[in-house]
Amino acid sequence: MSGTEALSQLQEIPADVVNLADFEPHARAALSEANWAYLNGGAGDELTLRANRAAWDGLRLQPRVLRDLAGGHTRSTLLGRELAQPVLLAPIAYQRLAHADGELACAYAAAAQQAGMVLSAQSSMAMEGVARAFQDEPGSGPLWFQLYWRDDRDFMLQLLRRVEAAGFEALVLTVDAPVHGARDRERRAGFKLPDDVRAVNLGGIKKALKLQPGQSELFDGLLPRAATWAEIDWLRAHSHLPLLLKGLSHPDDAREAVARGVAGLIVSNHGGRTLDTLPATADLLPQVRAAVGPDLPLLVDGGIRRGSDVLKALALGADAVLLGRPYVHALATAGALGVARALRLLRDEFEIAMALCGCKTLDDIGPAQLWTKAP
Ligand SMILES: Cc1cc2nc3c(=O)[nH]c(=O)nc-3n(C[C@H](O)[C@H](O)[C@H](O)COP(=O)(O)O)c2cc1C
């Protein structure tokens, strides 16, 4: 990793870490109960959180043998940019809760591993520094910025100009969280954002809600100010950056998004943090691919923990995946080195899975890699 002078001393990776899940107990030990609940929890009874994992686990791969795989690789392209593997770090808020080096550490790690990165609107570090860390590495992959809509066009315009000037290459509007999910685990643990961890890129004051007696804070306060399809058109008209939407899964929504000119979609249920009992993303992905046709860049996240999950996601129609909680566990365990190791482990596993399924490049991956019981 180049330019790591801005990071705290590089930490060692515990010897017992051989896959992504192995970071979890180390992260848990490093974090307070409340921060752990925020970073790892989900909504309600966490059924969707568990379903995401169970769905990848439930798919079986079909091996193929004796194929000539010499010269194979995991490289892929996304919106014209090359990645060493089809993996991006998902936008995760407030990463300084996990480690003092926060988003900067993740930027160095992703850039060094030629993975992509989507910086959260609620980054706890300035977007310009994170972008520089990423761009300083020769050959780094795509760097995108995630947005939440705010009903203040001047604020949004300033944010867009700043994002563009910092060199982000695409916008990701998250559309599945106009309101917070009921995150019981987090509330039980009494999580509060500490004073020194803030969404530092979102200055400006949110307009206070003015409600009449008997009005709902949600339906009369928040939702009239939430994004609708009209705001998608507005964003497209006010930035030259390609726009992706994150967090939709209904085929009609997907078709509407395509009709409005989005550059790509991310099938996501926010890692089970919004509405509990939403279906697993592995189950939702095929219907979205079918709705948008073969060419639209389509990504998926939720429960990706293994290289074989990456292969399964591609077999179901994704072009790339986003990795969420596991890289935060790696960050909490060993900062930038931890995140870089997590990405490398995922890639090693993905290579093995490709090789044993007889796939030389990503073009070889399709539904044929998924085993189905003979009728
Ligand atoms: C602690 C935490 C914070 C998150 N913050 C954001 C965010 O700021 N913006 C966003 O679009 N998604 C956010 N997400 C959702 C992730 O981008 C991603 O969809 C999810 O974590 C993927 O599931 P996984 O954690 O099982 O891999 C967050 C998820 C977690 C766990």
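The first residue in the sequence is number 1, and the count goes up from there. The figures here come from the full heavy-atom set of this structure, side chains too, leaving out hydrogens, waters and symmetry mates.
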Between Arg236 and Asp233, does any NZ, NE, NH1 or NH2 come within less than 4.0 Å of an OD or OE carboxylate oxygen?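 A salt bridge is absent here (no side-chain N lies under 4.0 Å from a carboxylate O).
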Taking atom [atom1] of [X] and atom [atom2] of [Y], what is their separation to the nearest 0.5 Å?
X: Leu316; Y: Asp283; atom1: CG; atom2: CG; answer: 8.5 Å
X: Ile92; Y: Leu322; atom1: CD1; atom2: CG; answer: 9.5 Å
X: Arg53; Y: Arg305; atom1: CZ; atom2: CZ; answer: 6.5 Å
X: Glu128; Y: Gln135; atom1: CD; atom2: CD; answer: 10.5 Å
X: Leu235; Y: Arg153; atom1: CG; atom2: CZ; answer: 8.5 Å

Check whether any side-chain heavy atom of [X] lies under 4.5 Å from a side-chain heavy atom of [Y], and answer yes or no.
X: Leu20; Y: Arg325; value: no
X: Gln85; Y: Val310; value: no
X: Glu169; Y: Leu79; value: no
X: Met156; Y: Trp149; value: yes
X: Arg162; Y: Phe145; value: no
X: Leu202; Y: Arg150; value: yes
X: Pro142; Y: Leu83; value: yes

Option among Glu103, Arg96, Arg198, Gln95 that satisfies the side chain to side chain donor-acceptor pair (under 3.5 Å) test with Ser124: Glu103
Picking from Thr174, Asn52, Thr274, Asp301, what satisfies side chain to side chain donor-acceptor pair (under 3.5 Å) with Ser268?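 For Ser268, the side chain to side chain donor-acceptor pair (under 3.5 Å) check succeeds only for Asp301.
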I'd like to know if the side chain of [X] reaches the main chain of [Y], judged simply by a donor and an acceptor atom lying under 3.5 Å from each other, with no hydrogens or angles considered.
X: Glu82; Y: Arg75; result: no
X: Thr48; Y: Thr277; result: yes
X: Arg81; Y: Gly141; result: yes
X: Tyr94; Y: Leu39; result: no
X: Gln369; Y: Gly366; result: yes
X: Asn201; Y: Met125; result: yes

In terms of heavy-atom contacts, does CD of Gln215 have more than 12 from other residues, nucleotides or ligands at under 6.0 Å? yes
Within 6.0 Å of NE2 in His180, more than 12 heavy atoms from elsewhere: no
If Ile, Leu, Val, Met, Phe, Trp and Tyr residues are connected whenever their side-chain heavy atoms lie under 4.5 Å apart, and connections chain through other members, are [X] and [Y] in the same group?
X: Tyr148; Y: Ile232; answer: no
X: Leu323; Y: Leu143; answer: yes
X: Leu223; Y: Trp234; answer: no
X: Leu299; Y: Leu147; answer: no
X: Met127; Y: Tyr108; answer: yes

Grab the two heavy atoms, one from [X] and one from [Y], that are nearest each other, plus how far apart they are.
X: Trp56; Y: Lys312; result: O-NZ, 2.8 Å
X: Gly42; Y: Leu49; result: N-CD2, 4.0 Å
X: Ala318; Y: Val300; result: CB-CG1, 3.9 Å
X: Ala182; Y: Arg187; result: CB-NH2, 3.8 Å
X: Ala27; Y: Thr333; result: N-OG1, 3.5 Å
X: Asp276; Y: Gly44; result: OD2-C, 3.8 Å

In sequence, state the C-alpha distance, the side-chain angles, and the governing distance for Arg161 and Gln158, and then conclude on side-chain contact (heavy atoms from CB on, under 4.5 Å). CA-CA 5 Å; Arg161 294 298 84 83; Gln158 279 176 31; 5.9 Å; no
According to side chain to side chain donor-acceptor pair (under 3.5 Å), does anything in residues 27-44 pair up with another residue at least two apart or in another chain? List the pairs.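 Passing the test, one end in residues 27-44: Asn40-His329.
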Do any side-chain atoms of residues 341-358 form donor-acceptor pairs under 3.5 angstrom with protein atoms, and if so which ones, sequence neighbours left out?
{"unit_1": "Arg344", "atom_1": "NE", "unit_2": "Asp348", "atom_2": "OD1", "d": "3.1"}
{"unit_1": "Arg344", "atom_1": "NH2", "unit_2": "Asp348", "atom_2": "OD1", "d": "2.9"}
{"unit_1": "Glu349", "atom_1": "OE1", "unit_2": "Gly307", "atom_2": "N", "d": "2.8"}
{"unit_1": "Glu349", "atom_1": "OE2", "unit_2": "Arg306", "atom_2": "NH1", "d": "2.7"}

When you compare the side chains of Asp101 and Ser8, does any donor N or O come within less than 3.5 Å of an acceptor on the partner? yes
